[in-house]
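We count ligands from 1, going down the list as the structure has it; atoms in each ligand are counted the same way. Only heavy atoms go into these numbers, but all of them, side chains included; no hydrogens, no water, no symmetry mates. Just so it is clear, the model here is predicted, and its values are computed rather than measured.
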Amino acid sequence: MKFFTLVGCLLVSAFADEAKVLLVSPPELRAAWETYAEMRGEQGTPMKVVGTDEIAESYAEGDLQNKIRLCVREYVDDEGFDTVILGGDSTPEGGLIPDRDTLHQNMWGFDLDIPTDVYFTSATSWDADGDETYGEFEDDREAISYPDGKVSIGRIPVRTAEDVKAYGAKVKAYLAGEPLGELAMTCEVQGAYAKVLKSGKELIPEAWPAGKVSFFFNDFTAWDGEGEKGSFELSPKNLGAKFSDGKINKWHIHGHGLVDRWVLENRTSFTYEHVAKLKNERPLVMTTVSCFTGHFDAEKDPCITEAMLRQPGGGAVLIVAPAREGKPHFHDPKKDFPLMTKEGKLDGTTQTMASFWVAALGEKKAKAGQALAISKAGLADDAEKSATYHQGMCELNLLGDPSLPVR
Ligand SMILES: [Ca+2]
Ligand SMILES: [Ca+2]
């Protein structure tokens, strides 16, 4: 037995030596993440695990978030690492891996508290004026840098070793399944139909001609009976059935949401009780624009996307979601909103989602984290010009292992 254990260790260290993926772990979850990294190494994606306790001791400057950023940049610049995993949840008080809050103006005033995981891959401090308020659109401009499309990040917002184990089992099931299942696009807001259809009928199929995209809107679905448009209601029950039937493994959800739910047709909601019933052995890759559904850093835990990620044996394995409003970002709202409803002009949030699928499913075959990094790199000019695009860049985070392919 000792021999095999030793061989196991040698394999792990050999994998770690070739690693280009840095997995940042809180000390409490270190053993669980080492086991996960070993599995991912055997699956062809070696990882190096580094503890937040080691990081806190090794870097002198600033708070833990800054130290993690400096550590990440050292691995990127000196050793060619290109992917970062934050292996823990965040809370308003800090949590296992505290997020970096950035400041934005929203429709109610200022929001100091938008968790911005792209900060951790940045070569710059995001605080040019040194007032310890980060990401201020004007005052910190010179120290804000956006993804370059090469270095990527994702957070797996777990709290316990059991969560890590359940997530690892889902990753295994995900990679074992048949690749390239159907992508379904759900929309319960009529004003957004045109842009979702533009994404799903033009942009994504152009990049992914062999794939299948289906639509699940209030007024029509791919599963309506003949001559009965909209008869297959966009209800929690029907949505759960479609998640569980095994044909669809990719989902884009457009419409209203809250920290604990997606709002569906006739003011019904898909919430925790529906997540708990999911039986999809092959977990989903998801994008959603729905407000607050990606609010992983909330006092209330889990948010609905965290519930999807943590649900053992079902739910999702990768999710791109807004931590806050997920609103449509436009340079000229007066002109652009009518174009959105009539012609399907994409706002910054919808553009981020569509480009994510294009990068992941098209010729680039980008891994999930890289696909979001490419998508965000494509919007960097917009984010430099406009505070609202800057907000979109900050609040859309990848939840899940960024080194996974989208398949
Ligand atoms: Ca500042
Ligand atoms: Ca959380």
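- D301 has a carboxylate O that lies under 4.0 Å from a charged side-chain N of R310, or vice versa, which qualifies the two as a salt bridge.
- Contact check on K367 versus D401 returns no salt bridge, with no Lys/Arg side-chain nitrogen under 4.0 Å from an Asp/Glu carboxylate oxygen.
- With the Ca ion (ligand 2) as vertex, D89 OD1 and D301 OD1 subtend 120°, rounded to 10°.
- Protein atoms of type N, O or S found under 3.0 Å from the Ca ion (ligand 1) total 7.
- Environment of CD in E93: crowded, with over 12 heavy atoms of neighbouring residues, nucleotides or ligands closer than 6.0 Å.
- For the Ca ion (ligand 2), the set of nearby N, O or S atoms under 3.0 Å includes one belonging to E306.
- Of the residues F270, W262, W357, F243, the one that meets the ring-ring contact (aromatic ring centres under 6.0 Å, His included) test with W251 is F243.
- Salt-bridge check for R155 with D99: failed, with every basic side-chain N at 4.0 Å or more from each acidic carboxylate O.
- A salt bridge links R100 with D63: at least one charged nitrogen is closer than 4.0 Å to a carboxylate oxygen.
- Counting heavy atoms of neighbouring residues, nucleotides and ligands inside a 6.0 Å radius, atom CD of E281 does not exceed 12 of them.
- At least one N, O or S atom of F296, from either the backbone or the side chain, sits less than 3.0 Å from the Ca ion (ligand 2).
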